[in-house]
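Below: the structure, in C-alpha cells.
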Protein chains: 2
Amino acid sequence: MASTTGRKQTRRPTSPRRGRLAQRPEAGESGLQRERGRIRTRFGTRGQPEESRAAILRAAVAEFAEYGIAGARTDRIAQTAKVNKALLYYYFKDKDALYEAVLDHVFSGMRERVLPVLESDLEPREKLIEYVSQYFDYIAANPRFPRVVQSEWMRVGAHASPQMLRIAREYFAPIYAQMAKLLREGAEKGQLRPVNPLDLLPSLVGIVIFYFSTATAMKALLKVDPLSKERIAERRKFVLEFITEAVCL
Amino acid sequence: MASTTGRKQTRRPTSPRRGRLAQRPEAGESGLQRERGRIRTRFGTRGQPEESRAAILRAAVAEFAEYGIAGARTDRIAQTAKVNKALLYYYFKDKDALYEAVLDHVFSGMRERVLPVLESDLEPREKLIEYVSQYFDYIAANPRFPRVVQSEWMRVGAHASPQMLRIAREYFAPIYAQMAKLLREGAEKGQLRPVNPLDLLPSLVGIVIFYFSTATAMKALLKVDPLSKERIAERRKFVLEFITEAVCL
DNA sequence: AGAATCTAACTAACTGGTTAATTAAGGGAA
DNA sequence: TTCCCTTAATTAACCAGTTAGTTAGATTCT
C-alpha cells in the first residue's frame, strides 16, 4: 500500500461505457453545467479562459501548500479547479512550470508589498518596523503562502536549480541588498544594534513564517485556533515588540 | 518455478539455472564480497543485523531530510544503506514506519538534550538562555534534522494524524509545559518580559531551525558557507543575544 | 472555416511493497 | 565429528497501483 503518496483514483476499469465515438452530453445540457446554483459554461467556451487559468493557479497554490512539490497531485489540482487535467497542460507546460507560476505568484506579491517600504526614505528604525509589519500582514492575509515558501527553500538540495537561482535573483537579492543598507545606516545613526543581515534576515523570516507554516498542526494539536483574528492580532503585536526589543536601541 | 500459489510463474524466464537442490556458491566466494577494499559479509549472515538496521536508519534520515516524506524514495534509501530494498521491509513495516523511526530518532535526541535543562533549578533567565543554547547546539551538530522537523510540522494538513498526535504528546507537550512554567516564573520574578509561550516557543524554534533548514539553499546562492565553523559560532552568538535582548529584562 | 478552449480516455514510467529463493550459523542427535 | 534441521538475515525478481503527461478529438465563438 502506498501510504504517504498513495491516493485512490479508480480508473473505472469495469464500469460499462458507451462507445467511444458515440458520446454526447445528455440532451438538455447543451454544454452548460449547473453547479452550485449558478450556470457555468463548460465546453469549448471562449468565455472564461482567464477564469480557468486563475482557477488552476489558485488550486495549485492550495495543493502545493498542503502537500509540497513531490506530494502535490495534478489530478487533485484539476479536480479542485473543476477543470480537466489536460487543461493544466494546455495552460502550463508541466507540473514544474505550474509550480514556478505558483512561486512567482507568491513571491511577487511579497516583493511588491515589501520593497516599496525598503526603498522609501523612512528612518532606519521605522523602516525596519514597517518592513516587518508589511511582511507580517502579507503573510497573515495569505496564510497558505509560508508553506510554499518553506517548501521552496527546502527543495534546494546540495546544488541550486536554475529556477531557484532565478527566484533568488529576482526576489531575494533586491530585498537583501536593501536590508543590508538599512542595517548599515541604522547602526551608523545609532538607531539599531549592529547586526549581520545574514543573521537578521533569516531570523525575521523564520519568526514570521514558522508560526503560519505550522498553524494547521497547532490547530490540530491545541485547542486554540492560531489563525483566529484575535490570535493573529496578538501574534502581530508580539512579533513587532520582539523584534523591536531585539534590534532597536 | 513451481510456485504453489500460482502468483508468478514467469520468474527468471531466461537465465539458465542449476537444479534447485544442487545449488552452492562458487568456490572461493563463500558468502563474502569484496567491496571498496574491505571485506563485507553479504549473504544471510547473522553477523551485522544491528549494523544493517542502523545503516538503513541513517540513510533514511538523510533521504527524508533531503526530499521530504513524499519525495523520499525507498529504492534510494536501500541503495545509500547498501542493502536490498526488501531489507527495509524486513526491519520496518513500511515507508511510514521507517519515517516514524526517523522522527523518533530526531525528536528523542532533542528532548533528551533540552528537557533536563528545563527541569533543572536554574533561575528563569539563565534557564531560558541555557535552553536556547542546548537547542541550538543540538541542531548545529545535526544540521539535517531541521529539515525533518520542518517536514513533519508541514505534513499535518487540516487534521492531525495519530502519529503526529503521538509525537506531539511525547515530545512537544512536556517541553511546552515546562516552558510555560518557566515564563510564568520569570515574569513574576521580574527577570523576563511577560510573554505568551504560544508566541515565544514557535519564535525560538523558527529562529533556530529556519537558518539550518535553508542552509543548503543559502550555500548554493551566496558565496558564504552557512555551516562553516566560524559562521555557526557567529550565528550562535547572534541568536543568543537576539533572544536575550528580546525577552530578558 | 478556423482558432481557441476544453475533455474522456489512454499510456509509459515509476514506486511502494511482496515473494520465494538463498545463505550462514546454531543446536541437537547419532 | 558429521549430518540434518531450524531460524535469522538477505536478496533478485516481480507486481499492482499510481501518476505525470499525451492524444485525438469535441465544442463554441468569431
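We name chains A, B, ... by the order of the sequence lines, and we start the count at 1 in each one.
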| Just checking, any donor-acceptor pair under 3.5 angstrom between side chains of B:Arg58 and B:Thr80? | no
| query | Under 3.5 Å, is there a donor-acceptor pair linking the side chains of A:Tyr131 and A:Gln178? | reply | no
Would you indicate, yes or no, if [N] has its OP1 or OP2 atom less than 4.0 angstrom from a side-chain nitrogen or oxygen of [X]?
{"X": "B:Thr74", "N": "C:dG16", "answer": "yes"}
{"X": "A:Tyr91", "N": "C:dT5", "answer": "no"}
{"X": "B:Arg73", "N": "C:dC14", "answer": "no"}
{"X": "B:Asn84", "N": "D:dA12", "answer": "yes"}
{"X": "B:Tyr90", "N": "D:dA9", "answer": "yes"}
{"X": "A:Ser52", "N": "C:dT5", "answer": "no"}

Rounded to whole angstrom units, what separation is found between the [atom1] atom of [X] and the [atom2] atom of [N]?
{"X": "B:Tyr99", "N": "C:dG16", "atom1": "OH", "atom2": "C1'", "value": "17 Å"}
{"X": "B:Ile69", "N": "C:dG16", "atom1": "CD1", "atom2": "P", "value": "13 Å"}
{"X": "B:Asp75", "N": "C:dG17", "atom1": "CG", "atom2": "P", "value": "11 Å"}
{"X": "B:Gln79", "N": "C:dT15", "atom1": "CD", "atom2": "C1'", "value": "14 Å"}
{"X": "A:Lys93", "N": "D:dA20", "atom1": "NZ", "atom2": "P", "value": "15 Å"}
{"X": "A:Leu87", "N": "D:dT23", "atom1": "CG", "atom2": "C1'", "value": "15 Å"}
{"X": "A:Leu88", "N": "D:dT22", "atom1": "CG", "atom2": "P", "value": "12 Å"}
{"X": "B:Lys85", "N": "C:dC14", "atom1": "NZ", "atom2": "C1'", "value": "10 Å"}

| note | In short, the helix from C:dA1-D:dT30 to C:dA30-D:dT1 is bent end to end, axes from five pairs each side, to 10°, by 10°
| task | Sorted by first residue and then second, give each side-chain hydrogen bond (donor to acceptor under 3.5 Å, both in side chains) pair with at least one member in residues 135-146 of chain A; sequence neighbours left out. | result | A:Asp137-A:Arg236
Run the side-chain contact (heavy atoms from CB on, under 4.5 Å) test against [X] and tell me which residues pass, sequence neighbours left out.
{"X": "A:Asn84", "result": "A:Ala86"}
{"X": "B:Pro202", "result": "A:Phe210, A:Tyr211, A:Arg235"}
{"X": "A:Ala173", "result": "none"}

| message | Need one value for A:Ala78: base, sugar-phosphate or nothing, where a base atom within 4.0 Å counts as base even if backbone is also close, heavy atoms only. | response | nothing
| What is the nucleic acid contact for A:Ala72, judged by heavy atoms within less than 4.0 Å: base, sugar-phosphate only, or nothing? | sugar-phosphate
Any idea which of [options] is nearest the [X] side chain?
{"X": "B:Asp94", "options": "C:dT7, D:dG21, C:dG17", "result": "C:dG17"}
{"X": "B:Lys95", "options": "C:dG16, D:dG21, C:dA8", "result": "C:dG16"}
{"X": "A:Tyr89", "options": "D:dA20, C:dA8, C:dT19", "result": "D:dA20"}

| query | Cation-pi between A:Arg76 and A:Tyr67: NZ/CZ under 6.0 Å from ring centre and within 45° of the ring axis? | reply | yes
| For A:Asp96, what residues pass the side chain to side chain donor-acceptor pair (under 3.5 Å) criterion, not counting sequence neighbours? | none
